[in-house]
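Computed from a predicted model, the values in this text were never measured in an experiment. Convention: sequence-line order gives letters A, B, ...; per-chain numbering from 1.
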Number of protein chains: 2
Amino acid sequence: MEDEVDRLVAAWRRERPDLDVEPLEVLSRVSRLARHLDRARRIAFAEHHLEPWEFDVLTSLRRAGSPYQLSPGQLLTQTLVTSGTMTNRIDRLTKKNLVERLPDPTDRRGVLVRLTAEGRDKADQSLAGLLAQERAILGELSRQQRGELAGLLRQLTAPFDNVPG
Amino acid sequence: MEDEVDRLVAAWRRERPDLDVEPLEVLSRVSRLARHLDRARRIAFAEHHLEPWEFDVLTSLRRAGSPYQLSPGQLLTQTLVTSGTMTNRIDRLTKKNLVERLPDPTDRRGVLVRLTAEGRDKADQSLAGLLAQERAILGELSRQQRGELAGLLRQLTAPFDNVPG
DNA sequence: TTCAAGTGTCTTGACATCAAGATACCTCGG
DNA sequence: CCGAGGTATCTTGATGTCAAGACACTTGAA
């Protein structure tokens, strides 16, 4: 089955036969698929009155384990947003009583963000929904193919996740 | 090499051993890698005073081939943004003299967006830069692995690219 | 021919994000 | 103990995106 990237690559080979556009076969698909996933997540979460960005923060805290708290800095590395964005997210989640801010007892510069009981419930409910949706999307692939895909993707993400940048 | 998704999955298996979180091995990596790629592209394009969204529009028109014009609707399916966003993008690119708007001779509702000579140059220059960066990122993988990865990703993107949605 | 439904683009208003920089605090060598 | 450099978080201002709906035009069935 052809996809939009096949058409895109064919167009470049016609227009710029001097260039080797093979990298696009992988990375354009990654970018486009991520956008499709964002859309699908937004629609699915809307049933729970939850935005994707809320899900990202709440589940990061949820999987930290009891007492469900992380510093804003730790949340940054998990969600890949800037610090200003995270400050804003925490503000809004606090207003909705899904998280609360506590002073870090070991560092007076620091803050700890903790899930409320309500926030924990939202995280648990929405995770199940997300997994159901993702299973449907991955239905195209066999178990073995999913494993191969995960392994290949890990080789690309690991360098980003393991350097200062 | 371990990545952030390995840690994320391990955390869920500890916190929610009742759930099968295997789908995250693939799709969380796709989302996170896309965010890393966005960041890297933004930095790389900044040298050419170009924003990623500008690149997306200009190159869509460039690879359409002479006379380098598409309707806003066609640009939507290529860039996966909403129509309001595309109107705004075309406005800004027009102000910078990179594209121009023409009436569609066959449909009075319609518009054609055409690349200017300057826009075409920008597209050609920045594409070469993007490919160089992407080749560096993909350096982790052998030629065969890149082929496998592209094929597996195509199976996931094709359903999105070939339905009305 | 006519008009109801469909289509393509644009407008509006709310909002999330980012980059850059400010502020307060910590750390560690001397 | 001091101070310089590093770190954690927040503030600010600009900007890009989205959802929803308005508007003009096209299409096709009667």
Side-chain angles (χ1 to χ4, degrees), chain A residues 31 34-47 49-57 69-96 99-114 164-165, chain B residues 31 34-47 49-57 69-96 99-114 164-165:
Chain A
S31 293
R35 279 195 74 73
H36 286 304
L37 292 174
D38 273 349
R39 283 189 178 186
R41 288 206 311 164
R42 179 177 305 277
I43 293 169
F45 287 148
E47 298 172 13
H49 304 285
L50 198 68
E51 300 290 327
W53 65 263
E54 294 179 294
F55 175 86
D56 287 340
V57 177
Q69 59 189 23
L70 291 172
S71 69
Q74 290 174 307
L75 286 170
L76 292 191
T77 72
Q78 302 229 359
T79 56
L80 299 177
V81 296
T82 61
S83 65
T85 296
M86 187 51 68
T87 297
N88 187 19
R89 287 183 175 188
I90 296 166
D91 287 347
R92 286 175 277 152
L93 289 171
T94 300
K95 272 184 202 133
K96 295 177 78 171
V99 308
E100 57 189 339
R101 249 189 270 249
L102 307 171
D104 182 336
T106 72
D107 185 338
R108 256 183 279 184
R109 293 168 303 180
V111 164
L112 291 174
V113 181
R114 180 152 70 188
Chain B
S31 293
R35 280 195 73 74
H36 287 304
L37 293 173
D38 272 350
R39 284 188 178 186
R41 287 208 309 166
R42 178 177 306 277
I43 293 168
F45 287 147
E47 296 171 15
H49 304 287
L50 198 67
E51 300 291 328
W53 65 262
E54 295 178 294
F55 174 86
D56 286 341
V57 177
Q69 60 190 21
L70 292 172
S71 70
Q74 290 174 306
L75 286 170
L76 293 190
T77 72
Q78 302 229 359
T79 56
L80 298 178
V81 297
T82 60
S83 65
T85 296
M86 187 51 67
T87 298
N88 187 18
R89 288 183 175 187
I90 296 166
D91 287 347
R92 286 176 277 152
L93 288 171
T94 300
K95 270 184 203 134
K96 295 177 79 170
V99 307
E100 57 190 338
R101 250 190 270 248
L102 308 172
D104 182 337
T106 72
D107 184 339
R108 257 183 278 184
R109 292 168 304 181
V111 166
L112 291 175
V113 181
R114 180 152 69 188

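- Between the P atom of C:dG8 and the CG atom of B:Leu75 lies a distance of 13 Å, rounded to the nearest Å.
- How far NE2 of A:His36 is from CG of B:Leu80: 4.5 Å, rounded to the nearest 0.5 Å.
- Inter-residue side-chain proximity for B:Arg35 and A:Val81 is flagged as met; some heavy-atom pair is nearer than 4.5 Å.
- Across the protein-nucleic acid pair, A:Asp104 atom CG and D:dA8 atom P stand 11 Å apart, rounded to whole Å.
- Taking atom CZ on A:Phe55 and atom P on C:dA16, their separation rounds to 18 Å, with Å as the unit.
- In terms of phosphate contacts, B:Arg35 brings a side-chain nitrogen or oxygen within less than 4.0 Å of OP1 or OP2 of C:dC18.
- Remark on DNA chain D: of its neighbouring residues A:Asp107 and B:Asp107, the 5'-side contact belongs to A:Asp107, judged by nearest-heavy-atom nucleotide.
- For A:Ser83, the listed nucleotide lying nearest its side chain is C:dA20; candidates were D:dT26, C:dA20, C:dT9.
- Counting only residues at least two apart or in different chains, salt bridge (Lys or Arg N to Asp or Glu O under 4.0 Å) contacts with residues 73-94 of chain B comprise B:Asp91-B:Arg101.
- Residues of residues 84-93 of chain B that place a heavy atom closer than 4.0 Å to DNA chain C, in numerical order, are B:Gly84, B:Thr87.
- Summarising the geometry, the separation between CG on B:Leu76 and P on C:dC10 is reported as 10 Å, rounded to the nearest angstrom.
- In this structure, CG of B:Leu50 is placed 15 Å from C1' of D:dG16, rounded to the nearest angstrom.
- Separating the CG atom of B:Asp56 from the C1' atom of D:dT17 is a distance of 14 Å, rounded to the nearest angstrom.
- For C:dT9, neither phosphate oxygen OP1 nor OP2 lies less than 4.0 angstrom from any side-chain nitrogen or oxygen of B:Arg108.
- B:Glu51 has its CD atom 13 Å from the P atom of C:dC18, to the nearest Å.
- A residue-by-residue look at A:Ser71 and B:Thr106 shows that A:Ser71 has its nearest nucleotide of DNA chain D further toward the 5' end.
- For the atom pair CD1 of B:Ile90 and OG1 of B:Thr85, the computed distance is 11.0 Å after rounding to the nearest 0.5 Å.
- Considering only side-chain atoms of B:Trp53, the nucleotide from C:dC18, D:dT9, D:dT17 that sits closest is D:dT17.
- Annotation: side chain to side chain donor-acceptor pair (under 3.5 Å) contacts of A:Asp38 (sequence neighbours excluded): none.
- Distance B:Leu70 CG to C:dG8 P: 14 Å, rounded to the nearest Å.
- A:Met86 places a side-chain heavy atom less than 4.5 Å from the side chain of A:Val57.
- Checked against side chain to side chain donor-acceptor pair (under 3.5 Å), A:Thr87 has no partners two or more places apart in sequence or in another chain.
- Counting only residues at least two apart or in different chains, salt bridge (Lys or Arg N to Asp or Glu O under 4.0 Å) contacts with residues 102-113 of chain A comprise A:Asp107-A:Arg109.
- In this structure, OG1 in B:Thr77 is found 8.5 Å from CG in B:Leu70, a value given to the nearest 0.5 Å.
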Per-nucleotide protein contact string for nucleotides 1-6 of chain D, where B marks a base within reach and S marks sugar-phosphate only (heavy atoms under 4.0 Å, - for neither): -----B
